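Structure first, commentary second.
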Amino acid sequence: MLVLALGLGSCVRPRPDAKTFPQTPPREPLSRAQASASWVAAEHVLEGRCVVCHGCNDAPCQLKLDSYAGIARGGAEQKVYDGSRLSAVEPTRLDIDAHDVPGWRQRGFHPVLPEGAHGDPHPSLILRMLELKRAHPLPDGEDLGKEFTFDLDRKQSCTDDSQFDVYAREHPLWGMPYGLPALDDVERTALAAWVTDGAPYPEPPPLPAEVNRSIETWESFLNQPSLKSRLMARYVYEHLFLASLYFAGIDDALFFRLVRSRTPPGSLVDEIATRRPFDDPRSEHVYYRFVRRVGPALSKTHMAYPLDARRLALYRALFLAPDYVVDRLPTYEPQVGANPFRAFAAIPVRSRYRFMLTEAEFTLMGFIKGPVCRGQVALDVIQDRFWVTFLEPEAPWMADEDAFLASEQLDLDMPAEAGSSSLSVLWQGYGKAHDRYMKRRGALLAEGTAGGHGIDLASIWDGDGNNANAALTVFRHFDSATVVQGLVGGPPKTAWVIDYPLLERIHYLLVAGFDVFGNVGHQYSTRVYMDFLRMEGESNFLLLLPPERRAALVASWYRGVTGAGKERVEAELLGFTGAPRIAYRTAAPELELFGMLRSRVKQVLARRYELAPRESALARLEGVQGVAASWLAEASFLTVREGNERSHFSILRESAHTNVAHLFREAARRVKEEDALSVVPGFLSSYPNALFEVDREELDTFVDAVSKLDSEAGYRALRRRFGVLRSSPDFWKHSDHINQSNHKLGPIDSGLFDYNHLEPF
């Protein structure tokens with residue numbers, strides 16, 4: 001059962017407009033000097049031991065401890081992730097849906113800090129949980145599964161202070177950190193001193209003058225009065241509302257959110273809280289403002305996006321310089337707001353596409369790190385590894401794109417228009433609309449490529465010779481995923497070629513339009529619609545292959561799909577019969593095409609995730625396939641020791657399926673005999689499932705052991721010998737090291753790992 005896995009927050013600083021959080025007694029943030037006595041001693045402990053389990057929306061009992069506001073809010077029994085609820089629930093987004101402790105208490109959250117004028121810190125939930133772990137440390141042995149439950153959908157046991165004695169009697173081993181080693185005496189004393197001292201938290205240091213000037217520049221730009229500027233600002237906001245914005249070259253460590261506010265620049269932000277960024281703000285005036293992000297960056301949610309003078313000039317060139325007229329602003333009616341092809345029809349398609357392409361990794365990252373945190377709603381619809389390239393924005397038929405999409409607005413509606421408590425049967429209407437769209441798009445493509453102008457490699461965007469976003473790789477790790485720049489690994493099973501309407505719909509389906517607090521119908525419709533988008537990306541890839549090869553590939557990708565499902569797959573992927581202008585020489589043209597794609601983007605191809613020549617043993621590990629590979633976890637971090645040096649790698653299991661076209665019974669569609677491994681330098685997951693540490697001289701032995709895995713007993717033996725287990729005495733030392741190393745590898749875009757997906761041993 002899920003418990004209040006108490007691992008406190010870190011870098012706990014208040015949001016700039018938050019004034020008080022009732023405590024013992026209610027206090028305002030102190031100066032850094034006043035708060036330093038107990039705060040400085042506790043801050044490192046809070047970050048390194050607590051946020052690693054309590055940072056995202058799926059933090060146990062909604063106890064988000066990555067900011068002081070989250071600690072003060074406390075925990076609640078209501079689940080964020082519930083795939084069976086019939087009606088949507090009220091959102092509980094920290095810093096958005098309520099801004100003070102009384103507001104959260106009204107929403108059912110209970111305290112973990114002492115409260116009230118005479119609050120006693122000693123019986124506080126925080127300290128009692130830590131004391132419970134001290135009194136009952138982890139049992140000896142490798143497998144904690146008998147005493148603990150680690151399933152993500154486990155029942156929650158969200159005790160409060162009044163029920164803690166019962167909780168402790170029933171679950172004496174469930175002290176905090178849950179299922180991990182206890183804090184040492186110094187760490188526990190530091191936290192106890194902080195709580196006993198009233199849990200003081202410091203005011204954030206003032207923003208540097210140059211950062212303030214940058215905010216003023218950008219807020220002025222985004223709040224110009226013309227209709228053209230206001231439409232641009234709405235479009236930019238709806239795509240960047242989840243971003244961790246920073247001012248490149250000025251301060252790469254300060255991050256901000258872009259929000260809608262009732263108040264103009266120069267005054268305190270009064271954020272407009274809506275379920276979705278395109279929902280009606282119900283305010284006469286809407287202003288786009290910057291709000292400082294607080295707390296540590298979390299790998300699962302951190303999406304860094306740079307702002308600078310060049311980005312400002314790009315936005316001007318894309319949205320303001322082109323000669324088009326905006327004579328009225330779009331409404332916020334659901335059928336308009338949820339459909340960007342209606343809302344932003346006035347903005348040239350080329351401008352919108354260029355905006356999204358410029359940071360394509362960020363754009364796709366939205367459905368991975370966006371509102372879902374746990375992404376199986378979106379992720380069991382994709383393969384475990386595939387490459388992504390993009391249609392060239394200057395392709396000949398793009399000249400007709402504005403008129404075409406204007407005519408297709410009705411058939412490009414998406415599930416979010418029906419709200420968060422929609423009926424699941426609505427997806428059938430979207431399916432018919434998508435069929436109509438694909439037929440007409442095929443006709444447009446046939447017309448644009450007629451007369452010897454067939455699709456060729458020039459149809460693939462080469463990043464303009466300077467943008468590494470032209471080639472991406474997506475890895476799925478069951479219910480989480482990662483997207484990175486580069487074409488990582490050998491030829492994948494499938495690939496996507498994404499054009500503008502596909503890229504835009506991915507964002508509005510899974511990022512802007514997806515409500516994690518929605519009901520089963522909303523989630524189901526979203527999942528089924530994503531089927532259409534996956535097939536569309538695959539269909540665009542097939543256009544580059546000989547028509548006679550396409551059917552065989554589709555059959556291999558969709559094994560086991562029969563009847564009406566098979567008819568839909570074939571109609572979606574094989575509807576266009578035109579031949580490309582590419583000469584193929586072998587019976588496996590798809591392998592040739594993968595090589596051609598590499599050549600097309602070679603000038604901008606990112607190589608961060610390619611193994612160095614010296615890593616011959618790890619290259620051999622990449623050759624492990626089939627059942628042996630299937631015993632490894634989806635995402636493992638491997639640390640290789642060599643003297644005082646440490647090198648880090650990710651071992652990613654590519655889980656093979658007969659198809660990913662069905663919503664249920666995924667385990668029945670697994671083909672373990674076809675599993676494979678990818679090995680890359682660095683850390684390529686936000687949720688590691690297993691941790692290993694191996695001496696360089698034992699690396700070959702480790703690889704040999706992996707290649708011979710044939711049973712659970714063999715895998716457990718591997719973990720005992722080389723693994724950093726949940727019960728390992730050096731677990732926290734290892735955790736600190738990999739988080740610090742990850743930060744060194746990517747000081748701007750990295751964040752703390754989340755340990756909620758660690759194996760039970």
Side-chain angles (χ1 to χ4, degrees), residues 51-59 64 66-67 80-81 91 93-96 152 237-246 255-258 276-277 293 295-306 356 359-382 384-386 388 469 472-485 488 498 503 506-517 526 530 533 609 634-635 650 652 682-689 739 742-743 745-757:
V51 179
V52 290
C53 288
H54 285 272
C56 198
N57 286 332
D58 59 354
K64 276 177 59 67
D66 54 338
S67 70
V80 173
Y81 296 96
R93 296 163 297 182
L94 190 63
D95 292 331
I96 296 176
L152 290 176
Y237 164 72
E238 290 184 12
H239 289 77
L240 299 186
F241 72 102
L242 290 178
S244 293
L245 302 165
Y246 69 97
F255 296 97
F256 298 85
R257 292 190 297 129
L258 184 62
R276 298 175 174 86
R293 288 189 180 274
L298 308 176
S299 178
K300 185 60 191 74
T301 58
H302 183 57
M303 294 185 287
Y305 189 102
M356 301 183 80
E359 298 290 346
E361 180 189 19
F362 168 87
T363 302
L364 287 188
M365 197 180 293
F367 89 83
I368 291 170
K369 294 192 174 187
V372 291
C373 273
R374 269 199 272 159
Q376 198 174 5
V377 167
L379 297 179
D380 69 357
V381 73
I382 62 176
D384 267 41
R385 179 176 65 94
F386 58 95
V388 176
N469 284 281
L472 308 175
T473 300
V474 175
F475 290 88
R476 178 195 171 200
H477 326 295
F478 184 58
D479 61 357
S480 67
T482 308
V483 57
V484 295
Q485 293 178 350
V488 182
I498 296 180
L503 190 60
I506 289 173
H507 178 77
Y508 275 85
L509 177 72
L510 299 174
V511 186
F514 183 73
D515 180 13
V516 70
F517 300 95
T526 300
M530 185 58 191
L533 301 189
Y609 295 104
E634 284 88 357
S650 297
L652 308 174
F683 304 96
L684 214 160
S685 177
S686 299
Y687 287 116
N689 305 119
N739 275 299
N742 188 39
H743 180 72
L745 290 171
I748 295 176
D749 57 8
S750 66
L752 293 172
F753 300 121
D754 191 304
Y755 293 149
N756 279 298
H757 294 201

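All of these numbers come straight from a predicted model, not from anything done at the bench. In what follows, every heavy atom counts, from backbone to side chain, and hydrogens, waters and symmetry copies are set aside.
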Taking side chain as C-beta onward, heavy atoms only, is [X] less than 4.5 Å from [Y]?
{"X": "T473", "Y": "Y609", "result": "no"}
{"X": "S67", "Y": "L94", "result": "yes"}
{"X": "I498", "Y": "L364", "result": "yes"}
{"X": "T526", "Y": "L509", "result": "yes"}

- Please work out which of the three classes, parallel, tilted or perpendicular, describes the rings of Y305 and F362, given edges at 30° and 60°. perpendicular
Distance, nearest 0.5 Å, that separates [atom1] of [X] from [atom2] of [Y]:
{"X": "L258", "Y": "E238", "atom1": "CG", "atom2": "CD", "value": "11.0 Å"}
{"X": "L242", "Y": "R257", "atom1": "CG", "atom2": "CZ", "value": "9.5 Å"}
{"X": "F241", "Y": "R276", "atom1": "CZ", "atom2": "CZ", "value": "10.0 Å"}
{"X": "L752", "Y": "C53", "atom1": "CG", "atom2": "SG", "value": "11.0 Å"}

Atom of [X], atom of [Y] and distance for their closest heavy-atom approach:
{"X": "L684", "Y": "L652", "result": "O-CD2, 3.7 Å"}
{"X": "Y237", "Y": "P277", "result": "CE2-O, 3.5 Å"}
{"X": "F255", "Y": "A304", "result": "CE2-CB, 4.2 Å"}

- Task: Could I get the full list of salt bridge (charged side-chain N to carboxylate O under 4.0 Å, His left out) partners for E359, not counting sequence neighbours?
- Result: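 Listed in chain order: R311.
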- Item | Pairing residues for F517 by the ring pair (Phe, Tyr, Trp, His ring centres under 6.0 Å) criterion, not counting sequence neighbours |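 None.
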- Without swapping roles, check the side chain of N742 against the backbone of G751 for a donor-acceptor pair under 3.5 Å.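 Confirmed, N742 side chain pairs with G751 backbone.
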- Message: Between K369 and K300 (side chain of the first, backbone of the second, donor and acceptor by atom type, cut-off under 3.5 Å), is there such a pair?
- Response: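 Not confirmed, K369 side chain does not pair with K300 backbone.
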- Query: Which one of S686, S244, S750 satisfies the side-chain hydrogen bond (donor to acceptor under 3.5 Å, both in side chains) criterion with H302?
  - Reply: S244
- Might you work through the side chain to side chain donor-acceptor pair (under 3.5 Å) test for E634 and Y687, ending with a clear yes or no? CA-CA 10 Å; E634 284 88 357; Y687 287 116; over 6 Å; no
- Item | side chain to side chain donor-acceptor pair (under 3.5 Å) assessment of T482 paired with H477 | CA-CA 8 Å; T482 308; H477 326 295; 2.8 Å; yes
- Task: Dump the intermediate steps for side chain to side chain contact (heavy atoms under 4.5 Å, CB included) on V474 and L472, then the final yes or no.
- Result: CA-CA 7 Å; V474 175; L472 308 175; 5.6 Å; no
- Query: Can you check side chain to side chain contact (heavy atoms under 4.5 Å, CB included) on N689 and F478, steps first, answer last?
  - Reply: CA-CA 11 Å; N689 305 119; F478 184 58; over 6 Å; no
